[in-house]
Amino acid sequence: MNKTRIFLIVATCLWVLAGFAGVVPAMFSAMMFDAPGPSENPATLTLFWSTFTFPLVCLVAVALGWILHLRGKQLPAVLAALAPLLSIAIGTLALLYLIVFNDGRFGN
């Protein structure tokens, strides 16, 4: 078994579990907009979209990684499988911004 296939097997297990775990936060991410003002805050919108789309990003990353691997494109397959890390990083940075510069509030 080659290294890319092993990597994709591990990534598939990890992202399927993470995608299922991310469904509940995705469902409740709309609650960020309960108070007045969050819909104008770019950091809140970024955090919302990062949380809301995370399960879909996990699903697409796994499927695209395997499709690219089967077509013989090893490096693009690995990069596609790493896509959920970008979603996690963007959401984390948006949350840190809200904590540091907005005192943890979603509004302005």
Side-chain angles (χ1 to χ4, degrees):
M1 219 186 279
N2 64 14
K3 292 179 183 178
T4 305
R5 181 171 285 186
I6 293 171
F7 177 81
L8 287 175
I9 291 170
V10 171
T12 299
C13 295
L14 177 68
W15 296 136
V16 166
L17 290 174
F20 279 124
V23 169
V24 173
M27 288 189 310
F28 285 101
S29 62
M31 300 298 176
M32 292 181 206
F33 301 103
D34 280 349
S39 59
E40 292 90 25
N41 190 341
T44 303
L45 291 171
T46 303
L47 180 61
F48 168 76
W49 284 111
S50 176
T51 306
F52 185 71
T53 61
F54 182 71
L56 181 64
V57 170
C58 289
L59 177 70
V60 170
V62 167
L64 188 59
W66 281 106
I67 290 169
L68 290 170
H69 173 67
L70 293 175
R71 292 186 178 186
K73 300 178 180 187
Q74 306 309 317
L75 181 60
V78 170
L79 293 175
L82 292 174
L85 291 178
L86 183 62
S87 182
I88 292 170
I90 290 170
T92 301
L93 289 174
L95 183 61
L96 286 174
Y97 180 88
L98 288 170
I99 290 170
V100 172
F101 295 108
N102 274 13
D103 296 326
R105 291 173 293 156
F106 292 123
N108 292 332

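The figures here come from the full heavy-atom set of this structure, side chains too, leaving out hydrogens, waters and symmetry mates.
- Looking only at distances, a side-chain donor or acceptor of Thr46 sits under 3.5 Å from a matching main-chain atom of Pro42.
- Closest of all the heavy-atom pairs between Pro36 and Pro38 is C-CD, 3.1 Å.
- Applying the salt bridge (Lys or Arg N to Asp or Glu O under 4.0 Å) test to pairs two or more places apart or on separate chains, those with a residue in residues 88-108 are Asp103-Arg105.
- In the hydrophobic cluster analysis, where Ile, Leu, Val, Met, Phe, Trp and Tyr join through side-chain heavy atoms closer than 4.5 angstrom, Val78 is grouped together with Ile9.
- Residues passing the side chain to side chain donor-acceptor pair (under 3.5 Å) test with Thr51, sequence neighbours excluded: none.
- Of the inter-residue distances, the one linking Asn41 atom CG with Phe106 atom CZ reads 10.0 Å to the nearest 0.5 angstrom.
- For the atom pair CG (Leu17) and SG (Cys58), the distance works out to 10.0 Å, reported to the nearest 0.5 Å.
- In the hydrophobic clustering of this structure, Ile88 groups with Val62; members are Ile, Leu, Val, Met, Phe, Trp, Tyr whose side-chain heavy atoms approach within less than 4.5 Å, directly or through other members.
- Considering all non-hydrogen atoms of both residues, Ala94 and Ala43 come closest at CB-O, 3.6 Å.
- Here the shortest heavy-atom pairing between Ala77 and Thr4 reads CB-CG2, 4.5 Å.
- Nearest heavy-atom pair across Phe54 and Ala18 is CE2-O, 3.5 Å.
- Between Phe7 and Leu82, the shortest heavy-atom distance links the atoms CZ-CD2, 3.6 Å.
- In this structure, Ala61 and Ala83 approach most closely via the heavy-atom pair CB-CB, 4.2 Å.
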Checklist entry - When you look at Trp15 and Leu85, which way does the side-chain contact (heavy atoms from CB on, under 4.5 Å) test go after all the steps? => result CA-CA 10 Å; Trp15 296 136; Leu85 291 178; 3.7 Å; yes

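- No chain of hydrophobic side-chain contacts below 4.5 Å, direct or via other Ile, Leu, Val, Met, Phe, Trp or Tyr residues, connects Leu68 to Leu79.
- Between the CG atom of Leu98 and the CG atom of Leu93 there is a distance of 11.0 Å, given to the nearest 0.5 Å.
- Note that the CG atom of Leu95 and the CD1 atom of Ile99 stand 4.0 Å from one another [nearest 0.5 Å].
- In terms of modelled atom types and a separation under 3.5 Å, the side chain of Ser50 and the main chain of Leu47 share no donor-acceptor contact.
- Rounded to the nearest 0.5 Å, atoms CG (Leu96) and OG1 (Thr92) are 6.5 Å apart.
- Hydrophobic clustering places Met31 together with Val24 (ILVMFWY residues linked when any side-chain heavy atoms are closer than 4.5 Å, directly or through intermediates).
- The distance from atom CG of Leu59 to atom OG1 of Thr12, rounded to the nearest 0.5 Å, is 10.5 Å.
- The aromatic rings of Phe48 and Phe52 lie parallel to each other, their planes meeting at an angle below 30°, with 60° marking the opposite boundary.
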Checklist entry - Checking side-chain contact (heavy atoms from CB on, under 4.5 Å) for the pair Arg71/Trp66: CA distance, chi angles, key distance, verdict? => result CA-CA 9 Å; Arg71 292 186 178 186; Trp66 281 106; over 6 Å; no

